[in-house]
Amino acid sequence: MNYLMTKKLLPSLTLVGLTLGGCIPVWELAKDSSPSPTTSTSVTPTASSTPYTEPSASTAPSSNNVFVSPNGQIQVNLPPGWSKAQGLNDKAELEVSNAPREMYLIVLSESKADFQKAGQDINLPKHSDLTRGILLKSITNAQTIGPKSITVNGNPALQYEILGIINNINIGYLHTTVETANNYHQIIAYTSQSDFSKNRSEMEEVINSFQEVK
């Protein structure tokens, strides 16, 4: 990808940041049981609506650099070429990228206690639906593939592939929601659609390395 595309691709998630994890907490959105946007089409990988289970999830090689979020609560392993990023989303606990290859990843975390305080009944599928719905509101001509049920370092997670357009740029997202004992973590990795197939395994490598800091 050329420099011009990089300059266009970078703001794509910044735009989403105006609403994603923004002014309205997800626990407030949980009051609406039908958040799905009308511009998206969905492709389920099996005939059943029940998520299929991936036998096992890989983790990034231990030789990779460990990157801990500024708040010291979560971390990922960074393959060569990845480093800390800034300005992708002002609500993100963690922002990393491989800018030359136009791969970007953020993590937004929410405490289960916040949902309980708000009197909202939430679970992994519902949190995934709500947060994915917020993301889809910023995407046109969206195609959603999933859910895929995986584990991320022993924690249950749901993952969707989303292809669509933001700011006239074709983008491919991996939207992964991870449930831990006390939190829900939304991991969003993205790159251009033209590079999505090529970059997917490396983005998954970073996603699968995610964990809370003990």
Side-chain angles (χ1 to χ4, degrees), residues 1 5-22 26 29 35-45 51 54 57 60 76 78-79 82 85 87-99 101-110 124-125 127-150 152 157-178 184-210:
M1 305 297 294
M5 177 61 77
T6 302
K7 295 295 287 184
K8 289 182 177 179
L9 192 57
L10 270 171
S12 296
L13 196 55
T14 305
L15 174 63
V16 176
L18 297 175
T19 56
L20 190 61
V26 171
L29 294 174
S36 300
T38 58
T39 57
S40 173
T41 58
S42 179
V43 178
T44 305
E54 192 175 74
V76 293
L78 297 182
W82 286 74
L88 300 182
N89 186 290
D90 60 4
K91 298 295 182 180
E93 277 72 30
L94 183 150
E95 301 173 89
V96 294
S97 72
N98 182 330
R101 293 178 55 197
E102 297 199 321
M103 291 182 283
Y104 304 91
L105 182 146
I106 69 166
V107 180
L108 298 117
S109 304
E110 293 180 291
L124 177 59
H127 191 278
S128 175
D129 287 345
L130 290 167
T131 53
R132 194 176 70 260
I134 297 171
L135 175 61
L136 286 167
K137 288 179 180 178
S138 298
I139 301 173
T140 57
N141 297 330
Q143 179 181 354
T144 300
I145 302 173
K148 178 167 69 173
S149 181
I150 63 174
V152 175
L158 289 177
Q159 187 175 85
Y160 287 81
E161 173 186 320
I162 301 171
L163 304 176
I165 301 172
I166 294 183
N167 291 343
N168 296 316
I169 302 298
N170 294 319
I171 301 180
Y173 293 91
L174 287 176
H175 181 277
T176 308
T177 305
V178 181
Y184 291 104
H185 301 282
Q186 183 187 177
I187 307 174
I188 303 174
Y190 75 105
T191 189
S192 64
Q193 279 192 38
S194 61
D195 290 332
F196 186 79
S197 296
K198 178 177 64 177
N199 291 340
R200 178 172 186 150
S201 62
E202 191 164 313
M203 293 192 297
E204 287 178 329
E205 187 177 315
V206 181
I207 293 167
N208 291 332
S209 74
F210 171 84

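Residues take their numbers from the sequence shown, with the count starting at 1. Any value given below was found using the heavy atoms of this structure, including those in side chains, with hydrogens, waters and symmetry copies removed.
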Any E204 side-chain heavy atom under 4.5 Å of L174 side chain: yes
Spacing of Y160 atom OH and T176 atom OG1 [to the nearest 0.5 Å]: 11.0 Å
S109 versus H185, closest heavy-atom pair with distance: OG-ND1, 2.6 Å
Minimal non-hydrogen separation, E205 against P79, with atom names: OE2-CG, 3.5 Å
Heavy-atom closest contact (H175 atom, S128 atom, distance): CE1-O, 3.9 Å
Sub-4.5 Å side-chain heavy-atom contact between L108 and I188: yes
Separation between CD of E102 and OG of S192, rounded to the nearest 0.5 Å: 5.5 Å
Flag side-chain contact, heavy atom, 4.5 Å: F196 against M203: yes
Distance, nearest 0.5 Å, that separates CD of E93 from CD1 of I187: 11.5 Å
Smallest separation among heavy atoms of Y190 and Y173, with atom names: CB-CD2, 3.3 Å
R132: which of L136, L130, I134 passes side-chain contact (heavy atoms from CB on, under 4.5 Å): L136
Approximate separation, where rounding is to 0.5 Å, of I150 CD1 and I207 CD1: 7.0 Å
Rounded distance (nearest 0.5 Å) linking atom CG of N98 with atom CG of L105: 11.5 Å
Working for side chain to side chain contact (heavy atoms under 4.5 Å, CB included), residues R101 and N199: CA-CA 8 Å; R101 293 178 55 197; N199 291 340; 3.1 Å; yes
Closest approach of L158 to P147 (non-hydrogen atoms, all atoms of both residues): CD2-CB, 4.3 Å
Minimal non-hydrogen separation, V152 against A157, with atom names: CG2-CB, 3.9 Å
Nearest-0.5 Å distance, CD of residue E110 to CD of residue Q186: 7.5 Å
G146 backbone acceptor or donor facing Q159 side chain under 3.5 Å: no
